[in-house]
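A quick write-up on the structure given underneath.
Indexing begins at 1, ligand by ligand and atom by atom, following the structure's order. FYI, side chains are in, hydrogens and waters are out, and symmetry mates aren't considered; it's all heavy atoms of this structure.
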Amino acid sequence: MTTTAIIVAAGRGRRMGGGIPKQFMDLAGQPVIARTLRRFIDHPEVDHVLVVLNPEDTALFEGCTQSMQGPPVPWVAGGDSRDASVRAGLAAVPAGTRRVLIHDAARPLVSAALISRVLAALEATPGAAPALAVTDALWRGTDGRVLTAASREGLFRAQTPQGFRLDAIRAAHAAHPGGAADDVEVARAHGLDVAIVEGEESNLKLTTPPDFSRAERFLAEQETAPAMDIRLGNGFDVHRFTDGDHVILCGVEIPHARALLGHSDADVGMHAVTDAIYGALAEGDIGRHFPPSEPQWKGAASEIFLRHAVKLAGEKGFTISNVDCTLICERPKIGPHAGAMQAAMAAIMGLEPGRVSIKATTSERLGFTGREEGIAAIATATLVKP
Ligand SMILES: Nc1ccn([C@@H]2O[C@H](COP(=O)(O)OP(=O)(O)OP(=O)(O)O)[C@@H](O)[C@H]2O)c(=O)n1
Ligand SMILES: C[C@](O)(CO)[C@H](O)COP(=O)(O)O
């Protein structure tokens, strides 16, 4: 689903003070806005980035972004308030955009994992935004005196990026009188369901001068933290043909003149994917977790194995980024069933179908697959821990 990040950067930074708006100031050797943009440009699930600027700041913006690699980042003119700037951004997103992430330029330390959490939550609700639960006691006060204690029950500190399905947030902004602090307020006023995802202390908004020192400390932590842990695994499996009238491949039953022989349901494709996940985790293979010597796995549905591998990955802190499986056989023809296989595998793994590839090849009538003695499958899986 095409996703555009709208970075609102038209504010004046009055609470920060200084000669230029805070988003163009230097944070540990790089302009704030360049840091913010880089986090979205580099994110694999963000297709476009659009900046909203005060036209008076174009020279500052160009100065801040001239050393960034890649094509120039497009911008549009904002308004006198944050919500006016957001509306200008919403009106200018590239054609084909289905989801938007609306983010403050003044939050330069947003992490890739936080962006992913917002996008993942958007699969289920039209809006999703990060926040941190209030943990301090709250008081209402005036003239330097406490009036009363206030309950912190159910209170959150809102952050950005706030994500929405484009049509829904456009309609919400069109119906709003203006003056909202953020886009979640606009969305809720229009009745949109907005999921709360876990925010991050480091995703602070630079608002007053001490925030720059805090951001520098977080930045130093992020830069010395270990890099994202990316694992690649492969799996290979073969099952021979026996008498029968169907095969099960990647969770789909396909009528065929032969069946595949195996201790389980002999789903050679699912086994290869499962082994690829175990391989990425350095956790052996299916045989180690479900020994063929144990009778309880006789005739077992292979999704038991795949679900176990996916659960193990989750327990070790990994998410599955993608899997790619190639079935090698002359017959049955896989093409007509590949979509159903993709859907079945994606559902078992809890992934969006776009992260699951199922394809096939013949071996040009060479070897055991060419002689139709059996079916082979090879798979790779990429696992990521932020
Ligand atoms: N008319 C406005 C006002 C704010 N923003 C953007 O909205 C984000 C969050 O706003 P805030 O921190 O309040 O920024 P400023 O309005 O610049 O700050 P101040 O209120 O201190 O002047 C910032 O990235 C800011 O550039 C914007 O695009 N257009
Ligand atoms: C959108 C926002 O960053 C959510 O926390 C915030 O509301 C905008 O800034 P302001 O300080 O409220 O103007």
Side-chain angles (χ1 to χ4, degrees), residues 4-27 31-40 49-58 60-61 64-65 73-93 100-111 114-115 118 127-134 155-164 169 172-173 176 178-189 192 194-212 214-215:
T4 297
I6 300 172
I7 311 298
V8 285
R12 301 292 80 203
R14 291 192 178 87
R15 287 170 287 180
M16 184 63 70
I20 55 174
K22 58 195 179 185
Q23 57 272 30
F24 306 111
M25 290 179 180
D26 181 276
L27 173 64
V32 168
I33 194 162
R35 289 187 177 280
T36 310
L37 291 175
R38 182 50 60 207
R39 304 258 164 153
F40 286 88
V49 177
L50 175 69
V51 178
V52 184
L53 285 183
N54 184 319
E56 287 175 11
D57 297 334
T58 45
L60 277 170
F61 177 65
C64 286
T65 52
V73 182
W75 66 271
V76 290
D80 287 342
S81 60
R82 188 183 181 283
D83 52 332
S85 293
V86 171
R87 281 198 298 278
L90 288 172
V93 294
V100 286
L101 291 167
I102 303 169
H103 186 68
D104 298 332
R107 293 185 190 268
L109 303 191
V110 58
S111 73
L114 192 154
I115 295 170
V118 172
L132 290 167
V134 171
L155 289 186
F156 291 85
R157 292 185 282 142
Q159 297 189 339
T160 69
Q162 299 183 351
F164 303 94
I169 193 65
H173 267 279
H176 199 272
D182 66 5
D183 304 289
V184 167
E185 185 179 338
V186 174
R188 290 300 302 138
L192 293 184
V194 180
I196 301 172
V197 308
E198 191 63 23
E200 292 172 355
E201 286 294 348
S202 54
N203 185 28
L204 79 167
K205 181 162 69 69
L206 301 170
T207 305
T208 57
D211 292 332
F212 267 80
R214 284 182 65 215

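Glu200 and Ser111 are linked by a side-chain donor-acceptor pair at a separation below 3.5 angstrom, with hydrogens and angles left out of the test.
Side-chain contact between Thr160 and Ile102 is absent, with no heavy-atom pair separated by less than 4.5 Å. Looking only at side-chain heavy atoms (C-beta outward), Asn54 and Pro21 stay at 4.5 Å or farther from each other. In this structure, Val51 and Ile33 have side chains that are in contact, with non-hydrogen atoms separated by less than 4.5 Å.
If you run side chain to side chain donor-acceptor pair (under 3.5 Å) between Asp104 and each of Gln162, Lys205, Arg82, only Arg82 comes through.
Every protein residue with a heavy atom nearer than 4.0 Å to ligand 1 is included here: Val8, Ala9, Ala10, Gly11, Arg12, Gly13, Arg14, Arg15, Lys22, Gln23, Gly79, Asp80, Ser81, Arg82, Ser85, Asp104, Ala105, Ala106, Lys205.
Counting the atoms of ligand 2 from 1 in the order shown, those under 4.0 Å from a heavy atom of Arg82 are 1 (C). Of all atoms in ligand 2, numbered sequentially from 1 with element shown, those under 4.0 Å from a heavy atom of Arg15 are 10 (P), 11 (O), 13 (O). Residue Asp182 approaches ligand 2 through these ligand atoms, each under 4.0 Å from one of its heavy atoms: 1 (C).
Remark: minimum distance from atom 7 (O) of ligand 2 to any protein heavy atom is reached at Ala181 O, 3.2 Å. Among all non-hydrogen protein atoms, the one lying nearest atom 9 (O) of ligand 2 is Lys205 CE, 3.1 Å.
Residue contacts with ligand 2: Thr207 is excluded, as none of its non-hydrogen atoms falls under 4.0 Å.
Contacts between Arg107 and ligand 2 below 4.0 angstrom, taking non-hydrogen atoms only, involve the side chain exclusively.
Distance alone, capped at 3.5 Å, places no donor-acceptor pair between the Gln159 side chain and the Val110 backbone. Judged by distance alone, the side chain of Ser85 and the main-chain N or O of Gly78 form no donor-acceptor pair under 3.5 Å.
Considering Val86, Val184, Asp104 only, the shortest heavy-atom separation from atom 3 (O) of ligand 2 involves Asp104.
Taking the charged nitrogens against the carboxylate oxygens, Asp211 and Arg107 have no contact shorter than 4.0 Å, which rules out a salt bridge.
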